[in-house]
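In this chain, numbering begins with 1 at the start of the sequence shown. Whatever order the structure lists ligands and atoms in, that order sets their numbers, starting from 1.
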Amino acid sequence: MSIELNEKIMSDLSSQLKKKAEEYFDYMVSVRRHLHKNPEVSYKEYDTTEFILNELKQMGIETHRPLETGCIGVIEGKPADRVIALRADIDALAMDEDGEAKHEFKSVRPGAAHCCGHDAHTANMLGAAKILMDLKDHISGKVVLIFQPGEEKLPGGGRLMMESGFLQKQGVQKVFGLHMNPNYEVGKIATKTGPLMARPDEVEIEIYGKGGHAASPHETIDPIVLAAQVITQFQTIVSRNINPTEPAVVTIGKINAGSTYNVIPEKVKMLGTVRTFSRDTAMLIKARMEAILKGVVEGAGGRFDFRFNEGYPAIDNEETCTQKVMETAKELFGEDQLIELDTPIMGGEDFAFYQQEFPGAFYFLGSRSEEADSGWSWHHPKYNIDERAFLTGAALMAGLALKE
Ligand SMILES: [Zn+2]
Ligand SMILES: [Zn+2]
């Protein structure tokens with residue numbers, strides 16, 4: 001085939017992808033609103049799973065359910081040794097939303113809310129599925145649509161999906177995934193090669209002292225004073241133990257102690273998070289935390305419990321897959337819609353588990369606009385998206401599976 005002809009087919013395909021995304025825009029909006037109204041927290045996505053399975057079946061897509069919640073659709077194209085996986089996450093957060101701006105579709109399930117945009121990821125992928133079915137003649141090989149549960153909660157639905165072995169059996173060669181991003185204008189695509197999102201680990205700490213009367217501190221071991229020293233010393237880990245060119249964060253996000261103003265309590269409980277881009281750095285921080293606890297707490301005659309719960313690996317975008325995202329985005333929407341990021345962000349994502357075995361790329365889809373009041377950060381009770389993101393999102397996602 002001549003280069004000119006090839007280019008013509010490509011640009012025809014690009015315009016078809018965009019047209020199809022427009023055609024299915026209302027469908028995606030209604031799916032997103034249905035899911036938004038009926039959110040289910042991590043690993044409890046039973047109704048959501050049934051809903052997705054039903055949609056896929058109606059599209060004539062072969063379905064699988066390797067885990068208790070979440071599911072997979074497989075689209076068979078022309079016989080070829082090519083298997084591309086696309087991933088969406090389907091779980092909601094265990095929180096209440098402020099649904100004032102979303103009154104028509106605000107969560108009807110107390111304690112559950114789609115404030116991370118996973119409802120939109122699912123809708124976007126179902127839209128992409130419809131597009132792919134319409135353009136099936138252009139698919140070489142197979143497209144595997146992953147609707148995974150539990151992104152928000154350890155161990156991570158991505159991990160469970162990988163451990164199920166289903167994707168390996170399908171022979172997946174590359175994997176792509178996206179996240180709505182309230183920091184970018186609706187429709188923008190942002191990504192980078194290499195590290196994109198951090199490795200989030202969790203820490204749980206209890207410091208035990210000896211309680212007593214606040215007026216007789218000499219007869220106690222004050223765990224609050226010890227906790228204060230521990231937290232202050234933790235701040236020296238990143239500034240004094242980590243290579244300055246290596247990004248890292250140590251945050252204590254929760255601290256609980258005591259009951260009233262004149263009692264020295266028995267213990268202090270703290271929760272925190274550690275963000276890094278490599279396991280080695282995470283393990284160095286873990287060791288330093290433990291050493292500080294030992295020095296401060298045991299030095300004062302107290303004792304402590306320390307748990308370091310390893311979270312998701314860091315998102316590390318493989319070069320050719322990332323190029324593919326950028327090229328396809330440019331081809332579809334022009335250079336202006338693409339933002340090539342310089343630095344990673346410190347948030348975490350369990351898409352990283354797929355990248356442990358398959359080359360893959362993760363990218364952000366801008367969802368911010370004034371009209372939709374969708375600049376609120378992820379996990380904020382007012383979090384919202386501008387649904388026009390689907391026009392870009394579904395066309396790009398389908399394009400990644402279609403185009404060579
Ligand atoms: Zn989230
Ligand atoms: Zn998320």
Side-chain angles (χ1 to χ4, degrees), residues 31-32 35-36 39-45 48-49 52 69-70 86-99 102 107 109 111-126 146-161 175-184 186 189-191 196-202 249 251 253 271 273-275 309 311-315 317 341 344-355 360-368 374-387 389-390 393 397:
V31 167
R32 184 251 168 170
L35 296 174
H36 196 93
E40 292 173 299
V41 298
S42 309
Y43 309 110
K44 303 271 187 252
E45 311 92 337
T48 308
T49 301
I52 298 165
T69 55
L86 306 175
R87 174 273 204 170
D89 43 6
I90 68 171
D91 57 325
L93 285 156
M95 64 182 282
D96 287 318
E97 76 171 335
D98 178 342
K102 302 172 268 183
S107 169
R109 299 184 179 186
H114 271 294
C115 288
C116 198
H118 300 184
D119 52 343
H121 302 165
T122 305
N124 188 70
M125 189 120 109
L126 285 170
I146 308 166
F147 294 89
Q148 73 151 77
E151 193 286 322
E152 296 286 359
K153 197 171 169 192
L154 292 178
R159 178 175 180 168
L160 300 182
M161 213 40 114
V175 60
F176 297 97
L178 65 76
H179 208 296
M180 296 283 157
N181 193 318
N183 300 311
Y184 306 117
V186 59
I189 305 292
T191 191
L196 178 72
M197 293 180 79
R199 171 196 163 93
D201 297 310
E202 292 173 353
V249 174
T251 292
L271 300 179
T273 184
V274 171
R275 304 290 166 114
N309 306 321
Y312 310 151
I315 297 256
N317 276 346
L341 300 170
I345 67 165
M346 298 312 284
E349 236 288 349
D350 84 343
F351 182 79
F353 285 112
Y354 303 103
Q355 291 178 313
F362 196 68
Y363 55 95
F364 297 118
L365 174 59
S367 57
R368 188 189 69 204
S374 52
W376 299 95
S377 84
W378 293 303
H379 298 200
H380 188 281
K382 285 187 194 239
Y383 176 86
N384 197 7
I385 64 150
D386 185 322
E387 289 161 331
F390 295 139
M397 197 127 233

(request) Under 2.8 Å from the Zn ion (ligand 2), which protein N, O or S atoms are there? Could you list them by chain and number? (result) C116 SG, H118 NE2, H179 NE2
(request) Taking salt bridge (charged side-chain N to carboxylate O under 4.0 Å, His left out) as the test, write out the residues that go with D350, two or more places apart. (result) R87
(message) Can you classify the ring geometry of F362 versus H179 as parallel (below 30°), tilted (30 to 60°) or perpendicular (above 60°)?
(response) perpendicular
(request) Output every pair passing salt bridge (charged side-chain N to carboxylate O under 4.0 Å, His left out) with a member in residues 374-383, not counting sequence neighbours, ordered by first then second residue. (result) D98-K382
(request) To the nearest 0.5 Å, tell me how far Y363 OH sits from N181 CG. (result) 13.0 Å
(request) Under the salt bridge (charged side-chain N to carboxylate O under 4.0 Å, His left out) rule, collect the residues that match up with E97, sequence neighbours excluded. (result) K102
(message) Counting backbone and side-chain atoms alike, is an N, O or S atom of C115 positioned under 2.8 Å from the Zn ion (ligand 1)?
(response) no
(message) Ring-plane angle category for F364 and Y184, please: parallel below 30°, perpendicular beyond 60°, tilted otherwise.
(response) tilted
